[in-house]
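Letters go in sequence order (proteins before strands), and every chain restarts at 1. What you see is a predicted model, and the numbers here were worked out from it, not measured in a lab.
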Amino acid sequence: MPVRSVEATAAQAQHTAEAKEDKRAQELPKASVPAPAVYEYLPEAASSAASAATQGPVESWWSFEQDGYVDSASGYLMEVRYEGDLGRAVALIYDPSTRSMVKVPDRTGHKPYFLTDMMINDDGGMPVNLNNYKSFSNLAVITKRNPLTGRDQKLTKVVVDDPLAVKTLRKVLTDKGFRVWEADIKYYLNYIYDNQLIPGMPYDVSTSWTPKEWRRSEDLEQAIKKDFAEDLKQMALEWAPIFEQPSPMPPMVAIDVEVLEPGEGHFPDPAKADDPVISVSLVDNEGRKQVLLLYRPGIEFTGEIRVNGEVEIFDSERALLLEALRRITRYPVVLTFNGDNFDIPYIYNRLVNLGVSHDDIPITFLQDYVTFKKSLHMDLHKFFDIKALQSYAYGNRYREKSLEAVAEALLGQGKRVLSKMINLVGLDELAAYNLQDAALTMNLVMFDNYLTWNLAVLIMRISKMGLEEVTRSQVSAWIRSTLYWEHRHRNLLIPSQEDISSMGSQAPRSAAVIKDKKYRGAIVLQPPQGVFFNVIVLDFASLYPSVIRNWNLSYETVNNPYCTNYIEVPEVGHRICSDRKGISSQLVGLLRDFRVKVYKKKAKDKSLSEGERRWYETVQAAMKVYINASYGVFGNEGFALYSLPVAESVTAIGRSVLLDTLHKASELNLHILYGDTDSLFIWDPPKEAMEEIIRYVQEKHNMDLDIDKTFRLVLFSGLKKNYVGFDSEGSAVVKGMVAKKSNTPDFIKDEVMEALKLLGSMQGPEDIEKTLVALRYKVQEIYNRLRRREYTLSQLAIEVMLSKDPKEYRKNTPQHVKAALFLAKEGVPVSKGDIIAFVKTKDKVGVKPVRLAKLSDVDTSKYLEYVRSAFEQFLLAFGIRWDELAGARKLVPE
DNA sequence: TAATTCGCGTTCAATG
DNA sequence: CATTGAACGCGAA
């Protein structure tokens with residue numbers, strides 16, 4: 001939803017919505033447990049404002065609070081914004097000594113600008129006259145090194161008074177045929193880059209920025225000087241403090257808002273805010289829990305539910321909202337779950353509807369999100385939607401990005417279930433429900449010693465983006481930002497995509513295996529079919545990042561005609577410059593070395609405290625997210641430094657390293673069973689040969705080949721990316737199998753896991769026979785249960801995610817979409833990202849949403865097919881087909 | 001405003 | 001009605 005229009009709509013709605021003020025309560029709600037306080041709204045500063053809060057326009061409700069602007073500050077830099085009213089960048093600084101947020105408008109005189117090749121005439125005049133443009137400030141001649149040519153280049157800096165003017169003036173110049181650079185960078189990021197600031201770190205700021213007592217570690221600096229590559233030492237010393245400095249710990253509050261629902265199947269619209277807010281909850285990181293309720297005739301405390309928090313009842317919705325807002329904005333950091341799209345705009349528009357002036361509401365609508373004038377807003381819905389974090393930091397533990405799903409997966413705690421429609425529940429139940437949501441939101445940031453918060457802070461420091469930006473953008477924006485900052489650090493011109501693509505050939509030189517892909521990826525060896533005892537899995541530690549580092553891969557080092565010395569990439573033939581170090585190669589190398597040589601060790605160092613170890617664990621996790629994505633972004637057309645030859649070279653080198661290692665392995669008479677991208681499965685190897693191959697890879701390729709797993713037993717189905725390994729404790733590692741997939745019904749997953757226990761108990765080949773007998777019995781049992789309908793609907797449910805809105809499916813209508821459309825018809829809203837649970841039915845459509853289905857609708861034979869394919873995958877390892885095991889005739893139901 | 005390719009299983013829908 | 005390629009979702013790396 002375009003946030004700007006929210007504001008406009010609210011403004012228009014303003015005069016229609018007045019005079020909706022709730023009548024004074026005729027009676028107080030009945031006494032309940034705990035006894036609620038009934039408040040009349042009394043602002044702290046002026047009692048004369050008390051009546052104003054419930055009638056007529058509010059005069060200076062907000063301005064009696066300090067606006068927070070200061071000339072100088074000392075504390076953690078959390079965000080930089082551009083404020084149009086001031087016409088300046090404003091830094092938000094968290095000051096730990098007062099535990100508050102202050103705002104420091106720029107005093108360094110920084111202004112928006114962009115670069116062009118239009119040079120000033122000898123007489124000082126301009127080839128294109130920009131003086132007529134209102135926001136034009138001045139021109140300056142500067143010199144930057146062009147990373148593509150490797151040469152210094154004179155450029156004209158076009159300085160303006162307003163970031164919007166960058167857009168106008170760049171067009172003026174490009175229309176005249178001049179080239180422009182760095183015109184797409186958001187102004188506040190330019191401010192950070194030009195001042196070489198590191199968000200998340202402490203500063204003293206007044207007319208200039210000075211780092212404030214950054215923590216250093218003597219030991220670490222020694223280690224860097226000793227262990228890091230020559231070209232990275234200086235950079236590493238400069239970077240080290242960002243991993244050592246403790247993270248800021250400001251007071252935080254999580255909030256959640258409940259609104260009266262407009263009717264069955266309809267949801268409140270934040271753009272209109274027609275329906276009253278009936279409850280606002282605040283839960284902070286020091287244990288305070290508050291809930292502000294709206295009095296409604298007929299809705300009372302039942303006394304049945306204990307509310308774990310302070311409860312207050314307001315007879316005026318406006319007073320409730322203003323008071324809630326007053327409390328919320330005292331906190332430097334505000335957390336929500338979906339606050340960008342719901343809670344915050346709702347509060348804003350609702351207050352406008354209730355007659356409060358825009359200027360009196362300390363909420364601000366920025367370009368991409370909604371926040372507070374003097375506090376930061378972190379929307380966890382956006383944060384947990386960041387794919388790189390989902391997989392590398394949270395281990396893919398959640399799939400759906402709802403509060404319910406994320407909290408259940410990460411905290412083991414769900415939302416409260418309402419006993420009836422929210423409009424009708426008693427006030428105690430409403431309060432408990434509302435509080436629980438805010439508490440879950442707070443916990444998602446605090447669990448595991450503030451893992452989420454610390455991750456955000458570390459990524460701020462690495463990416464050089466403010467908290468609000470970093471928690472709302474994907475990994476490619478982080479990497480772009482880090483690289484831009486490094487370009488400024490080295491006085492390098494940031495090239496345009498066109499500069500990069502026109503430098504050398506961008507055409508792919510390898511054919512992808514899958515159609516519609518741009519270039520070839522990794523090798524997957526064909527595994528055998530069978531049962532193998534004693535299997536060692538070797539894998540390359542961070543193969544692709546190591547390739548990027550060792551081969552000096554970067555957008556400016558690949559196919560660069562300005563280079564004199566080259567190394568050719570095997571198979572694809574791209575030429576890698578060896579004259580100088582590539583910037584992304586260095587960044588990836590730096591993070592990789594920090595992670596491997598320092599922080600993975602520190603995370604396990606028993607001489608450190610538990611708290612320190614957890615911090616370093618988070619540090620290494622943040623680095624992992626970064627380096628793992630570093631290859632992929634170069635293959636993404638949307639990435640600012642997109643370079644197909646870089647991505648293609650990475651995979652080509654990866655393939656050649658794997659193949660060479662494979663070749664060496666066979667020379668050593670090692671029996672390779674399987675391998676995928678960066679791994680090799682070796683059958684019962686002699687120890688010496690293993691040591692030999694590890695040494696070989698180290699010397700020949702300068703890469704770490706590690707023993708990743710030692711399997712007592714591996715079952716190969718004969719399919720790629722599909723096997724089960726058992727370690728010495730008998731616990732199973734299942735890869736790729738039907739039984740592992742999230743869209744497989746639970747009863748199958750459970751039954752397969754049971755069966756795997758049988759298999760895991762095999763000690764040697766002699767046990768195979770009797771295991772098969774047990775398996776046969778198990779399958780028969782499943783069949784019988786299915787036939788007798790002993791599994792519940794939820795065990796039979798198939799859960800599939802809508803990758804787009806149901807209406808967007810044009811070519812096909814998959815089953816989960818059919819079920820989703822069914823739900824939509826029943827008034828249940830369904831949209832992109834939702835997980836649809838359905839069962840297979842005997843009717844013509846063949847599917848039904850679980851919540852609308854009965855056990856008798858279920859088509860048993862379809863489920864038997866599912867069971868078959870799940871079991872067949874590991875039966876294949878024994879060379880047995882399903883029919884042989886189950887006896888085909890017996891298993892045809894009905 | 002978007003990290004990549006490789007591989008498998010199920011289902012849809014076009015084709016005859 | 002059988003066959004087949006494409007669409008789709010999900011996982012491995």
Nearest-nucleotide pick for [X], side chain only, options being [options]:
| X | options | value |
| --- | --- | --- |
| Asp676(A) | dA12(C), dC6(B), dT10(B) | dA12(C) |
| Lys735(A) | dC12(B), dT4(B), dA12(C) | dA12(C) |
| Lys518(A) | dT5(B), dG9(C), dA3(B) | dT5(B) |
| Lys741(A) | dC8(C), dC8(B), dA2(B) | dC8(B) |

When you measure from the side-chain N and O atoms of [X] to the phosphate of [N], is any distance below 4.0 Å, counting only OP1 and OP2?
| X | N | result |
| --- | --- | --- |
| Arg520(A) | dT4(B) | no |
| Thr651(A) | dT5(B) | no |
| Gln873(A) | dG9(B) | yes |
| Thr813(A) | dA13(B) | yes |
| His816(A) | dC8(C) | no |
| Ser742(A) | dG9(C) | no |
| Ser476(A) | dA3(B) | yes |
| Gln474(A) | dA3(B) | yes |
| Tyr809(A) | dA13(B) | no |
| Ser679(A) | dA13(C) | no |
| Lys740(A) | dA12(C) | yes |
| Lys804(A) | dC8(C) | yes |
| Lys720(A) | dG9(B) | no |
| Lys811(A) | dA14(B) | no |

Specify the separation, in whole Å, of atom [atom1] of [X] and atom [atom2] of [N].
| X | N | atom1 | atom2 | answer |
| --- | --- | --- | --- | --- |
| Lys387(A) | dC10(C) | NZ | P | 13 Å |
| Leu658(A) | dT5(B) | CG | P | 19 Å |
| Trp478(A) | dA3(B) | CH2 | P | 9 Å |
| Asp385(A) | dA3(B) | CG | P | 11 Å |
| Tyr863(A) | dT10(B) | OH | P | 14 Å |
| Lys721(A) | dG9(B) | NZ | P | 14 Å |
| Tyr631(A) | dC6(B) | OH | P | 8 Å |
| Ile836(A) | dG9(C) | CD1 | C1' | 13 Å |

Problem set entry | Over 12 foreign heavy atoms within 6.0 Å of NZ, Lys387(A) |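 Yes - once you tally the heavy atoms of other residues, nucleotides and ligands closer than 6.0 Å, there are more than 12.
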Exercise. Counting heavy atoms not belonging to Lys600(A), are there more than 12 under 6.0 Å from its NZ?
Worked result: no
Checking all strands, does [X] fall into the base, sugar-phosphate, or nothing category for heavy-atom contacts under 4.0 angstrom?
| X | value |
| --- | --- |
| Ala522(A) | sugar-phosphate |
| Lys832(A) | nothing |
| Ala512(A) | sugar-phosphate |
| Met737(A) | nothing |
| Gly632(A) | base |
| Leu719(A) | sugar-phosphate |
| Tyr723(A) | sugar-phosphate |
| Arg399(A) | sugar-phosphate |
| Phe634(A) | nothing |
| Lys382(A) | nothing |

Exercise. So which of Asp379(A), Asp340(A), Asp385(A) actually passes side-chain hydrogen bond (donor to acceptor under 3.5 Å, both in side chains) with Arg472(A)?
Worked result: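 Going through the options one by one, the only one that passes is Asp340(A).
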For this session: Go through Tyr188(A) and Glu469(A) one step at a time and tell me if the side chain to side chain donor-acceptor pair (under 3.5 Å) criterion holds.
Result: CA-CA 10 Å; Tyr188(A) 48 82; Glu469(A) 287 289 308; 2.8 Å; yes
Exercise. Hey, what's the ring geometry for Phe384(A) with Phe337(A), parallel, tilted or perpendicular (30° and 60° as the breaks)?
Worked result: parallel
Problem set entry | Of Gly521(A) and Lys862(A), the one whose closest DNA chain B nucleotide lies more 5' |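 Whichever sits nearer the 5' end wins; that is Gly521(A).
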Problem set entry | Residue closer to the 5' end of DNA chain B, Gly638(A) versus Val524(A) (nearest nucleotide) |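 Its nearest nucleotide being more 5', the pick is Gly638(A).
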For this session: Return the 5'-most residue of the pair Gly736(A), Lys515(A) with respect to DNA chain C, ranking by each residue's nearest nucleotide.
Result: Lys515(A)
Exercise. Starting at the 5' end of DNA chain C and moving along, which residue's nearest nucleotide shows up first, Ile835(A) or Asn812(A)?
Worked result: Asn812(A)
Exercise. Any side-chain heavy atom of Ile459(A) sitting closer than 4.5 Å to one from Leu389(A)?
Worked result: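 The answer is yes, as the side chains (C-beta and beyond) meet within the 4.5 Å cut-off.
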Exercise. Are Phe838(A) and Phe822(A) close enough that their ring centers fall under 6.0 Å?
Worked result: no
Problem set entry | Which atom of Arg509(A) lies closest to which atom of Glu648(A), heavy atoms considered |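 Smallest heavy-atom distance, with atoms named: N-OE2, 2.6 Å.
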